[in-house]
Novice: 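Below is a structure I'd like to ask you about.
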Number of protein chains: 2
Amino acid sequence: MNSTYDPQYNLRSPVTSADRVLVSVQQAIVEGQLAPGAKISETGLAKQFNVSRAPLREALARLERCHLIERTPNAGARVVTLTADGLTALYQIREELEGLACRLAAERMADEEIDALAKLLEQHLNSQRVREGESYYQEAGDVDFHYRIILASKNQYLINMLCDELYFLVRMYRVQLGMNGPRVSRAFDEHKAIINAIANRDGELADLLMRRHISASRKNIEKKLQVDKEVS
Amino acid sequence: MNSTYDPQYNLRSPVTSADRVLVSVQQAIVEGQLAPGAKISETGLAKQFNVSRAPLREALARLERCHLIERTPNAGARVVTLTADGLTALYQIREELEGLACRLAAERMADEEIDALAKLLEQHLNSQRVREGESYYQEAGDVDFHYRIILASKNQYLINMLCDELYFLVRMYRVQLGMNGPRVSRAFDEHKAIINAIANRDGELADLLMRRHISASRKNIEKKLQVDKEVS
DNA sequence: CATGCCAATATTGTCGACAATATCCCGTTT
DNA sequence: AAACGGGATATTGTCGACAATATTGGCATG
């Protein structure tokens with residue numbers, strides 16, 4: 001599995017050193033190199049990434065924004081922990097917001113964008129790596145699909161909340177629980193149904209399908225969380 | 001009109017000096033002392049609030065989070081501008097999220113909380129100040145109602161997104177457009193219907209009513225925006 | 001006169017040091 | 001032995017200065 005994940009979704013490329021360290025720490029938390037619940041040492045991380053504490057603290061502020069850490073004044077920051085309740089809460093929001101994104105995308109997505117997304121889906125399914133079950137590429141493909149629809153909504157706040165805030169946490173749950181099971185082919189079918197609804201400009205249906213899709217995904221992860229808990 | 005607005009909604013009281021300057025600048029932007037589109041001078045604001053640039057920049061990071069300013073790397077920050085498109089986008093999100101909040105509140109709100117909220121509504125309607133049309137108290141009362149329902153959802157992300165991020169902008173639209181018109185009594189009826197639905201544990205209905213309520217509010221503000229544009 | 005370039009200026013980003021606060025450890029007390 | 005208290009330590013918050021980047025104004029050129 002390829003461990004470097006190119007976040008092509010970051011709207012603006014990292015220009016300042018706070019941006020760079022943010023990307024690094026985001027990745028470290030999502031992939032678990034900084035364990036859930038771990039205390040974050042400002043001086044430690046600053047040294048590790050060869051920056052001073054100022055840009056690191058700027059990065060921490062944004063990490064809090066995307067719910068990857070929790071800060072308490074004068075006491076410091078900890079990496080968030082993954083819980084069943086948190087997952088449910090997160091996916092409840094996703095259902096609402098991505099449902100809305102589908103309705104808007106059905107109105108606003110250009111025909112060419114729709115074609116391109118449909119093609120990307122096919123291409124992704126046929127890809128060697130996906131069939132071999134590399135979870136990294138499954139994850140990237142899924143996120144890509146959702147991002148394109150969200151961006152097509154052209155609602156600034158929606159895009160911001162989903163892509164810049166919530167999705168890092170979504171990926172964290174998936175990566176750390178190793179979600180690479182047999183749901184891939186079913187998810188593909190669901191994706192296809194959604195893009196079809198959008199192509200038909202049927203926002204209501206796309207909304208409904210997306211909600212179901214996310215709900216199914218949630219149940220899948222909840223099951224895994226349950227199993228993990230029983231094992232431990 | 002009382003110009004000081006006690007933000008009783010801030011979950012944790014400001015403890016650090018960055019917290020304090022954040023509250024001050026938030027208020028300044030929402031109430032228009034820092035005009036929409038105005039450039040933000042870090043050194044200027046820092047002097048004005050008698051702090052160094054470090055805590056001020058911390059505050060700016062959080063102001064960006066609640067969409068009150070827009071930053072561009074190496075170039076600085078500007079106060080956001082109020083536009084019809086932005087308002088529509090904002091209220092689309094509100095409809096979805098507050099609808100969800102209603103569904104959850106219908107499940108989770110304690111009977112005593114419901115009673116208290118109903119009483120607060122009555123009390124608010126009968127209040128001298130409200131009948132005299134002091135927009136400040138109308139605004140506070142409305143926000144209070146919505147906040148209580150949102151908090152009752154007990155969904156951490158929902159609460160965070162609405163109360164800590166979006167609502168400052170909502171208030172900014174309302175305050176700066178001087179929304180103190182005759183919608184107050186109608187809004188009261190709508191509030192009452194919503195709390196009734198919640199009391200009956202009818203989440204579906206509460207959801208629907210809240211969406212309509214927010215939609216009506218949006219149209220009201222859009223009208224005002226239109227009028228203002230024609231005048232100018 | 002408009003336009004493009006370059007230096008001077010102003011503003012933002014980063015750094016290291018200090019102050020304020022929390023955390024830890026250990027001795028004392030009941 | 002457990003609970004409390006107080007000092008030592010570590011960590012966070014804030015400050016002023018410097019470096020890096022944008023912006024401004026004037027000068028030369030077409």
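In what follows, chains carry the letters A, B, and so on, assigned in the order in which the sequence lines appear, proteins first and then strands, with residues in each chain numbered from 1. Computed from a predicted structure; not experimentally measured.
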Novice: Once you round to the nearest 0.5 Å, how far does CD of B/Glu165 lie from CD1 of B/Ile159?
Specialist: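 Reported value, rounded in 0.5 Å steps: 13.0 Å.
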Novice: Is there a side-chain contact between A/Asp111 and A/Glu113 (heavy atoms, below 4.5 Å)?
Specialist: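 Result no, sub-4.5 Å side-chain heavy-atom pair not found.
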Novice: With nearest nucleotides of DNA chain C determined for A/Ala75 and A/Ser17 from heavy-atom distances, which residue corresponds to the more 5′ nucleotide?
Specialist: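 The residue mapped nearer the 5' terminus is A/Ser17.
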Novice: Can you tell me which residue pairs pass the side-chain hydrogen bond (donor to acceptor under 3.5 Å, both in side chains) test with a partner in residues 73-90 of chain B, sequence neighbours excluded?
Specialist: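 Listed by first then second residue: B/Thr88-B/Glu222.
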Novice: Which residues in residues 51-64 of chain B have a heavy atom closer than 4.0 Å to any atom of DNA chain C?
Specialist: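 Those residues are B/Arg53, B/Arg57.
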Novice: Can you measure from CE (A/Met161) to OH (A/Tyr167) and round to the nearest 0.5 angstrom?
Specialist: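 Output value for this atom pair is 14.5 Å.
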Novice: Can you name the one residue among B/Glu96, B/Glu98, B/Glu95 that meets salt bridge (charged side-chain N to carboxylate O under 4.0 Å, His left out) with B/Arg211?
Specialist: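 Running salt bridge (charged side-chain N to carboxylate O under 4.0 Å, His left out) over B/Glu96, B/Glu98, B/Glu95 with B/Arg211 returns exactly one hit, B/Glu96.
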Novice: Suppose we call two aromatic rings close when their centres sit under 6.0 Å apart. Are A/His191 and A/His124 close by that rule?
Specialist: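 When the ring centroids of A/His191 and A/His124 are compared, they turn out to be at least 6.0 Å apart.
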Novice: 5'-most contact on DNA chain C: B/Ile40 or A/Pro73, nearest heavy atom basis?
Specialist: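 Per heavy-atom nearest nucleotide, the more 5' residue is B/Ile40.
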Novice: Heavy atoms, side chains only, cut-off 4.5 Å: are A/Leu100 and A/Ser153 in contact?
Specialist: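 Side chain of A/Leu100 against side chain of A/Ser153, heavy atoms only: no contact under 4.5 Å found.
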Novice: Is there side-chain contact between A/Met210 and A/His146, with at least one heavy-atom pair below 4.5 Å?
Specialist: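 Yes; the side chains approach each other to less than 4.5 Å.
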Novice: Extract, from 5' to 3' on DNA chain D, the first and final nucleotides lying under 4.0 angstrom from some heavy atom of chain A.
Specialist: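 Footprint of chain A along DNA chain D, 5' to 3': D/dT11 to D/dT14.
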